2 protein chains.
Amino acid sequence: MKVYKIPEATVMRLSVYSRFLHQLLDEGVNTASSEAIAQGVGVSSAQVRKDLAYFGEFGTRGVGYRVDELYGHLKSILGLDHDWNIILVGAGKLGSALALYQGFAERGFHVSTIVDNDKKIVGNKLGMVTVEPIEVMTQRVKEKDIKVGVLTVPASAAQNVTDLLVEAGIKAILNFSPRVLKVPNTVILRNVDLSVNLEVLSFNLNMNKKN
Amino acid sequence: MKVYKIPEATVMRLSVYSRFLHQLLDEGVNTASSEAIAQGVGVSSAQVRKDLAYFGEFGTRGVGYRVDELYGHLKSILGLDHDWNIILVGAGKLGSALALYQGFAERGFHVSTIVDNDKKIVGNKLGMVTVEPIEVMTQRVKEKDIKVGVLTVPASAAQNVTDLLVEAGIKAILNFSPRVLKVPNTVILRNVDLSVNLEVLSFNLNMNKKN
DNA sequence: CCACTCTTGTGAAATAGTTCGCAATTAAGT
DNA sequence: ACTTAATTGCGAACTATTTCACAAGAGTGG
Ligand SMILES: NC(=O)c1ccc[n+]([C@@H]2O[C@H](COP(=O)([O-])OP(=O)(O)OC[C@H]3O[C@@H](n4cnc5c(N)ncnc54)[C@H](O)[C@@H]3O)[C@@H](O)[C@H]2O)c1
Ligand SMILES: NC(=O)c1ccc[n+]([C@@H]2O[C@H](COP(=O)([O-])OP(=O)(O)OC[C@H]3O[C@@H](n4cnc5c(N)ncnc54)[C@H](O)[C@@H]3O)[C@@H](O)[C@H]2O)c1
């Protein structure tokens with residue numbers, strides 16, 4: 001079987017395309033050219049076509065893409081044709097914001113379990129979900145067959161929690177703590193580092209000033 | 001004047017290196033080799049050396065880098081040798097979490113102004129800062145000479161707020177809303193798209209399953 | 001002061017990702 | 001049926017980034 005390695009940048013763009021297509025659907029648009037999509041998300045039309053070409057031929061020459069069809073293909077490519085259960089670890093400021101965010105559910109991501117090690121927080125309700133003690137984490141991951149964990153604990157606790165999640169059989173982790181985590185290569189890890197984002201801005205501002 | 005274009009990936013790694021060096025400083029470590037840094041942040045040692053080479057020669061052959069020195073250089077390269085005032089627009093769930101986050105101040109980013117258009121929220125205190133009405137935004141940006149804006153408003157309001165910020169003279173925007181924003185190319189824009197991050201995980205989980 | 005070890009800095013090679021350019025195909029107009 | 005205009009899919013060219021590999025120092029110990 002021939003398996004191409006898909007650039008991560010491509011995957012990220014696919015996600016953005018799919019959201020833009022959703023917007024077009026809402027607006028009642030039936031077809032869109034690669035150029036229209038490109039304009040909408042701020043890339044080149046060749047880029048759009050190349051990205052899609054990794055996965056098949058979805059368009060019609062001379063016409064463009066049917067919005068509903070392409071949207072369906074992208075959802076399926078991204079693994080969004082079924083819902084995902086998520087466990088959120090650390091119900092602090094950031095964790096609470098994420099837990100209450102509607103945007104995730106809209107894309108099929110459901111925060112079905114929230115755990116924290118602070119007794120004062122355990123028992124609180126975030127939306128429909130009650131914060132449970134950290135001790136039940138392993139059990140919940142196993143019994144609910146949760147594949148995705150979101151980490152919003154302090155950096156000092158991050159590796160520890162990660163090890164427990166991995167042991168419990170988690171398959172992917174989205175880490176918000178500013179710590180480099182070690183995971184076996186069977187587990188997919190992504191880091192969202194907000195300070196890094198600000199510092200890239202700061203770097204560019206600094207550059208502009210000098211040149 | 002010779003100006004090298006620095007890959008964005010390099011800049012992001014510099015930020016991570018600098019944080020790791022800070023950690024080493026705390027631990028009382030005096031020198032670190034490129035290999036040690038590489039291990040600590042999960043890249044190759046050649047990558048570390050190449051990244052640093054864009055900016056100068058900071059190490060000593062046979063020895064490595066003086067942690068305090070290199071840390072200082074990186075802070076300066078990243079424009080972190082002075083503090084930055086930030087305006088936060090949208091004091092909702094995510095905005096509040098960001099406003100109260102200590103990690104930013106530690107790196108020299110100070111949320112000095114917070115604005116929102118919801119009368120029920122205006123007047124609330126987030127840490128030391130009082131949420132002000134959206135109407136004062138332009139004035140605050142100008143009078144405090146704020147360069148960086150953080151956007152945590154709903155997608156529907158994002159472009160509108162952006163236009164106002166640009167008009168007020170903002171230089172850089174960190175956008176958390178899932179909308180592609182248009183800004184003049186004199187303004188630096190970065191997007192933090194949390195749904196995209198989850199969808200990349202979902203894509204990879206989906207792939208693993210199939211192959 | 002020489003031999004040995006360690007580790008940087010950096011060209012060159014390898015890999016990865018983006019843009020270009022156009023043949024192929026479709027639809028619409030005549 | 002033919003012509004024209006639009007737009008995809010895709011190989012080839014180009015550009016960017018990472019990795020390799022090693023000469024050039026720098027410290028250490030005899
Ligand atoms: N708040 C932000 O805007 C923001 C921005 C960028 C990064 N972060 C990072 O996100 C993480 C969380 O930030 P926050 O501001 O929400 O902090 P927070 O202190 O409000 O929340 C952390 C939560 O984790 C819980 N916790 C601590 N140790 C735990 C453990 N071992 N097991 C389970 N739960 C545990 C705490 O009880 C607390 O509820 C931190 O790593 C922070 O650096 C936060
Ligand atoms: N909460 C999350 O975890 C999360 C995750 C990913 C993305 N986001 C994005 O971040 C943004 C904010 O999310 P949130 O959950 O904090 O929403 P929220 O509704 O809690 O907060 C939005 C705030 O913006 C204010 N606002 C609305 N229009 C405004 C305007 N024109 N000018 C000034 N203020 C205005 C509202 O009054 C509200 O306080 C959204 O775009 C959302 O998609 C949030």
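Below, chain A is the first sequence line, B the second, and so on; all start at residue 1. Only a predicted model underlies this, so the values are computations on that prediction, with no experimental measurement involved.
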Side-chain donor/acceptor of B:Lys182 to backbone N/O of B:Val180, under 3.5 Å
no

Any A:Thr60 side-chain N or O less than 4.0 Å from OP1/OP2 of D:dT8
no

Out of D:dT8, D:dC20, C:dT26, which has the shortest distance to the side chain of B:Ala46?
D:dC20

Return yes if the base of C:dG17 and the side-chain atoms of A:Lys5 contain a donor-acceptor N/O pair under 3.5 Å, otherwise no.
no

To the nearest Å, give me how far apart CZ (B:Arg61) and P (D:dG25) are.
6 Å

Measuring to OP1 and OP2 of C:dT19, would you say a side-chain N or O of A:Ser44 lies under 4.0 angstrom away?
yes

Checking B:Asp116 side chain against B:Asp118 main chain: does a donor-acceptor pair fall under 3.5 Å?
yes

Identify, between A:Asp51 and A:Gly62, the residue whose nearest nucleotide on DNA chain C lies closer to the 5' end.
A:Asp51

Is the distance from OP1 or OP2 of D:dG9 to the nearest side-chain N or O of A:Arg49 less than 4.0 Å?
no

Could you tell me the separation between the OH atom of B:Tyr54 and the P atom of C:dG11, rounded to a whole number of Å?
13 Å

Using a 3.5 Å distance criterion without hydrogens, assess whether the side chain of A:Ser112 forms a donor-acceptor pair with backbone atoms of A:Ile87.
no

In whole angstroms, the gap separating C1' of D:dT8 from CZ of A:Phe55 amounts to 18 Å

Expected output: side-chain A:Ser34 to main-chain A:Val48 donor-acceptor under 3.5 Å:
no

Interatomic distance where CD belongs to B:Glu57 and C1' belongs to D:dA26 [whole Å]:
14 Å

Donor-acceptor under 3.5 Å (A:Thr152 side chain, A:Val89 main chain)
yes

Which residue in the set A:Asn85, A:Val148, A:Leu80 passes side-chain contact (heavy atoms from CB on, under 4.5 Å) when paired with A:Phe109?
A:Leu80

Would you indicate, yes or no, if C:dC6 has its OP1 or OP2 atom less than 4.0 angstrom from a side-chain nitrogen or oxygen of B:Tyr65?
no

Phosphate oxygens OP1/OP2 of D:dT19: is one of them under 4.0 Å from a side-chain N or O of B:Gln47?
yes

Just checking B:Ser45: base, sugar-phosphate only, or nothing, at a heavy-atom cut-off of under 4.0 Å?
nothing

Return the value, rounded to whole Å, for the distance between atom CG of A:Leu52 and atom P of D:dT7.
16 Å

Check: B:Ser177 side chain, B:Val153 main-chain N or O, donor-acceptor pair, under 3.5 Å
no

To the nearest Å, how far apart are B:Lys50 NZ and C:dA12 P?
11 Å

Between B:Glu35 (CD) and C:dT5 (P), how many Å, whole number?
19 Å

Under a 4.0 Å heavy-atom cut-off, which of residues 7-20 of chain A touch DNA chain D?
none

